[in-house]
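One structure, pasted below without further comment.
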Amino acid sequence: MADTLNTQQDGTQNINLSDLVGPQLDRLQKVALVAGVAGVAAMALGAVLDPADFFISYLFAFMFWLGVTTGSLGWLMIGHVTGGGWAFILRRPLEAATRNLPIAFAMFVPILFGMGALYGGHHGWNRPYEELDTILRHKNAYLNVPFFIARAVFYFLVWGALAFFMNKWSRIHDERDDPAVAVRLNNWSAGGLLIFVLTMTFAAFDWMMSLEPHWFSSLFGVIIIVGQGLSTLALMTILIARLAGHTPFLQSLQEANPRYFRDLGNLTLAFTLLWAYTNFSQYMIYWSGNIAEEVEWFVHRARGGWGLVSMFLIVAHFALPFLFLLSSTMKVKINNLARLAVFILFMRFVDLWWYVVPTFRHELTLHWLDIACPIGLGGIWLWAWAHQLKGKLAVPVHDPRLRDSWPLKLEGVAHHG
Amino acid sequence: MKTSPRAGEPRTPTLPQDETFDLIGPGHSLGSVTDKIGDVVLKDRLRPGWLIFLAFSLAGLATLGMAVLMVILRGPGVWGNNIPVAWAFDIINFVWWIGIGHAGTLISAILLLVHQNWRTSINRFAEAMTIFAVMCAGIYPAMHIGRHQYFYWLMPLPNTMGLWPQFRSPLDWDFFAVSTYFTVSALFWYVGLVPDLATLRDRATSRTLKVLYGIFAMGWRGSAQHWHRYMALYVILAGISTPLVLSVHSTISFDFAVGVVPGWHTTIFPPYFVAGAVFAGFAMVILLAVPLRAVFGLKDLITMKHLENSGKIMLATGLIVTYGYAMEVFTAWYSGNIYEQFMALNRAFGPYGWSYWALIFCNALAPQLLWFKSVRTSIPWLLIISVIVSIGMWLERFVIIVVSLHRDYLPSSWGLYAPTVWDWAFYAGTFGLFLTLFLLFVRALPSIAMAEMRELVHHEEHQKHGDHSAHSSQTSKVEPGASELASV
């Protein structure tokens with residue numbers, strides 16, 4: 001029996017993602033590159049023709065693609081802390097996504113050129129001190145350009161350090177079976193989650209909440225983080241299903257232990273509910289309080305046609321996915337879940353769009369850059385992501401939790417795909 | 001089974017001989033778990049430990065009787081609350097008790113749905129804890145309304161005067177939330193008990209007990225069809241209970257958050273209340289589990305693993321609560337609103353400043369010790385931290401309710417609050433009620449689910465045989481908790 005186990009482990013070790021899904025990754029990279037180049041060209045055109053609108057669209061697209069990068073970091077650390085079947089399936093895609101952090105940082109840089117368009121303007125905080133009203137003068141200690149930039153650099157440094165060590169130790173752990181590394185991954189993930197939640201909260205305050213600088217909500221950071229969690233789950237489900245959904249490896253894994261995949265569906269359900277719960281709480285409390293400075297933000301999202309989008313979010317971001325996710329046939333097959341995930345991902349874009357755009361455009365308008373920016377940034381992101389995945393091992397063989405629960409006989413499977 | 005420790009391996013703290021990190025102690029069979037749990041109810045003598053606890057509890061219960069009588073005869077004026085602090089001990093303790101109940105529902109419903117089978121030996125008494133805690137909580141608003149005879153007016157009953165409750169008031173939602181919570185929790189608990197009641201019926205030697213357990217076992221014969229329906233119902237009830245964990249305490253947070261009192265009106269309240277509830281609830285689970293397993297010799301059924309996991313959940317929820325405190329302070333400053341800023345300063349440096357710093361110590365600092373495995377596996381430390389957390393969560397409600405109310409907008413309307421002896425008597429009295437019910441429960445009903453424990457024994461045995469090779473190879477050292485991933 002012990003011999004069988006060892007051969008199984010050898011078989012597992014042999015599964016390289018380039019062997020398993022190499023052609024699919026190549027194809028994804030091609031498509032992503034075309035979309036990225038076309039999108040960036042369109043963005044460049046937009047930045048020249050219509051800089052004000054460009055930065056608005058750019059910010060919401062950036063928040064999405066940053067969100068799946070940092071969201072991946074969050075899920076990776078949760079996986080190290082809790083274990084669970086989903087964590088084995090998502091491990092490599094998540095790690096690859098966290099290695100996109102330098103790209104996310106590069107994507108952040110253009111925002112610095114839009115500081116005037118985004119955070120200045122009539123009501124913004126980025127104006128000469130004399131022009132600010134009393135409240136914004138008070139906030140000037142926090143909301144000022146040098147501190148804003150310093151904080152942004154700090155956030156990226158912290159996330160970068162977390163991503164660096166998570167990847168480094170995971171790589172070491174793949175090379176040698178050292179329990180100390182597993183323990184280190186577990187412990188640092190627990191502390192790292194704490195640091196991540198705090199930094200991401202303030203990043204959300206800085207980059208999104210301060211768009212309407214008089215408005216504040218103590219739940220805002222949580223809402224953005226929950227959204228990132230959902231975006232990441234949806235994106236990863238789609239990518240795994242599209243890349244590997246038909247490989248014998250994933251098929252047999254799915255048959256051997258459907259729970260691995262049901263977990264993904266259940267997490268998506270939980271985060272759909274959390275999204276609704278946090279957004280409802282914020283709305284309910286401010287609606288009941290009915291204080292001018294707090295409801296202003298909602299007024300921008302209720303008037304000028306935006307109310308329709310708000311209603312649409314309730315139905316399509318919460319109610320529909322919720323109903324579908326209750327069914328277990330939906331959750332057991334990753335290809336089914338991936339179809340729903342496409343819709344959820346679309347709604348994630350709508351949600352972030354609704355969070356950013358109504359501040360600037362009081363009438364409901366869809367600018368062509370609102371479509372070009374997510375595609376352009378997404379193309380670059382996906383291209384780099386696929387690049388990061390190549391040559392990596394599919395299964396973290398030395399994970400002590402995996403060793404005890406890996407459901408599959410792996411002989412013969414590795415050579416397909 | 002044992003391997004020599006390798007370099008860098010996590011050091012497992014040494015445990016006393018009778019403690020284990022397994023879900024269940026060694027050498028248990030289907031029969032032995034049933035004997036062990038069932039005998040506490042059917043065969044055990046009157047233990048002095050139990051009697052001493054009961055005597056104290058009954059004294060507390062008598063105090064509650066007096067305190068309730070005082071409120072009924074003299075009115076809520078016997079309490080210290082008055083304008084501007086119109087809500088005080090009654091609401092603090094209401095929220096505190098309800099919060100404690102949440103751990104029970106989390107264990108029984110959410111941990112069931114996410115296949116955490118370490119819940120098995122603690123779910124029964126945690127559910128009992130929920131029900132008793134909700135009963136204690138319910139007494140407070142019932143007494144505070146003043147005209148107790150009209151409490152049913154909270155229900156939307158058609159009446160000739162066309163008088164309806166204010167549906168936009170969270171106080172009315174509370175009524176529905178808490179009564180639903182109680183109903184569903186009681187139902188869930190009872191359904192889970194049915195197979196065990198049948199076991200007791202079959203094992204009881206006295207005729208009276210046989211009939212009594214027999215009535216409540218509702219003719220359970222353990223047929224395949226019974227089990228099939230039972231399992232379906234159990235999962236459905238777990239599904240219904242799960243949103244209640246979130247919704248009940250969120251509704252309670254709305255009691256405060258929808259008002260425009262500085263210190264109440266902040267959006268972080270709902271999730272932060274829920275986390276605080278689970279935080280306090282697990283502290284109470286530890287406080288109940290430790291004497292329960294010691295007095296009745298259940299250390300191999302409620303093992304160190306259960307206590308350690310409870311400690312982990314306390315750490316996680318404690319961190320969420322701390323995040324909530326940080327957000328409250330930052331938002332108060334960031335809002336630029338002078339009332340919000342004053343509220344934050346007044347909390348820390350006003351007349352009740354001691355309560356804020358004590359709260360930070362209890363809820364934010366002390367639980368950080370739980371990062372250390374040696375603390376999580378030390379019963380004295382767990383007990384100390386649980387007591388600190390229970391006090392801290394009480395102080396949190398004190399800070400939110402009393403400290404926010406005593407100085408809100410106009411300095412001319414400020415005032416101080418001090419509880420009276422009847423406030424304290426009432427609070428001590430609900431402890432008496434809670435503990436009396438709990439002590440009677442552990443002798444009248446199996447405090448660990450026997451049927452579920454048998455299932456667990458079966459799983460563990462199955463796994464031992466199935467994974468024999470894995471255990472004998474060099475890979476046998478697995479993280480505790482990994483094994484159940486495979487089995488469900």
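Here is how names work: the chains are called A, B, and so on, in the same order as the sequence lines, proteins then strands, and each is numbered from 1.
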Rounded to the nearest 0.5 angstrom, the NE2-OH distance for His265(B) and Tyr286(A) is 6.0 Å
Could you tell me which of Thr201(A), Asn266(A), Val197(A) has the largest number of non-hydrogen atom pairs under 4.5 Å with chain B?
Thr201(A)
Greater than 12 external heavy atoms within 6.0 Å of Phe154(A)'s CZ:
no
Between Tyr277(A) and Ser250(B), is any side-chain donor less than 3.5 angstrom from a side-chain acceptor?
yes
Without swapping roles, check the side chain of Thr267(B) against the backbone of Leu219(A) for a donor-acceptor pair under 3.5 Å.
yes
Per-residue contact mode, Ala190(A) against chain B (heavy atom under 4.5 angstrom):
both
Evaluate Trp371(B) against Asn187(A) for side-chain contact (heavy atoms from CB on, under 4.5 Å), listing each step before the verdict.
CA-CA 9 Å; Trp371(B) 284 98; Asn187(A) 292 348; over 6 Å; no
Chain B contact via Leu273(A) - side chain, backbone, both or neither, heavy atoms under 4.5 Å:
neither
Look at the aromatic rings of Tyr142(A) and Trp333(B) and report parallel, tilted or perpendicular, splitting at 30° and 60°.
perpendicular
So how far is it from Asn337(B) CG to Glu294(A) CD, rounded to the nearest 0.5 Å?
8.0 Å
Checking Glu340(B) against chain A: side chain, backbone, both or neither under 4.5 Å from a heavy atom?
neither
Please find out if less than 6.0 Å separates the ring center of His138(A) from that of Tyr334(B).
no
Count the heavy atoms belonging to other residues, nucleotides or ligands that lie under 6.0 Å from OH of Tyr283(A), then report whether that count exceeds 12.
no
Between Gly289(A) and Val260(B), what is the shortest heavy-atom contact and its length?
O-CG1, 3.6 Å
Most heavy-atom pairs under 4.5 Å with chain B, out of Thr134(A), Leu136(A), Leu143(A), Leu193(A), belong to Leu143(A)
Looking only at heavy atoms and a cut-off of under 4.5 Å, which of Pro213(A), Ser217(A), Ala141(A), Gly221(A) has the most pairs with chain B?
Ser217(A)
Output for pair (Ser288(A) OG, Phe254(B) CZ), nearest 0.5 Å, gives 7.5 Å
What distance do Phe205(A) atom CZ and Thr331(B) atom OG1 have between them, rounded to the nearest 0.5 Å?
5.0 Å
In this structure, CZ of Phe269(B) is separated from CD1 of Ile285(A) (nearest 0.5 Å) by 8.5 Å
Portion of Phe202(A) that has a non-hydrogen atom of chain B nearer than 4.5 angstrom
side chain
Engaged part of Val274(B) at the chain A interface, taking heavy atoms whose separation is under 4.5 Å
side chain
Determine the minimum heavy-atom distance between Ser335(B) and Ile135(A), stating which atoms define it.
O-CG2, 4.0 Å
Given a strict heavy-atom distance threshold of 4.5 Å, which part of Tyr272(B) is in contact with chain A: side chain, backbone, both, or neither?
neither
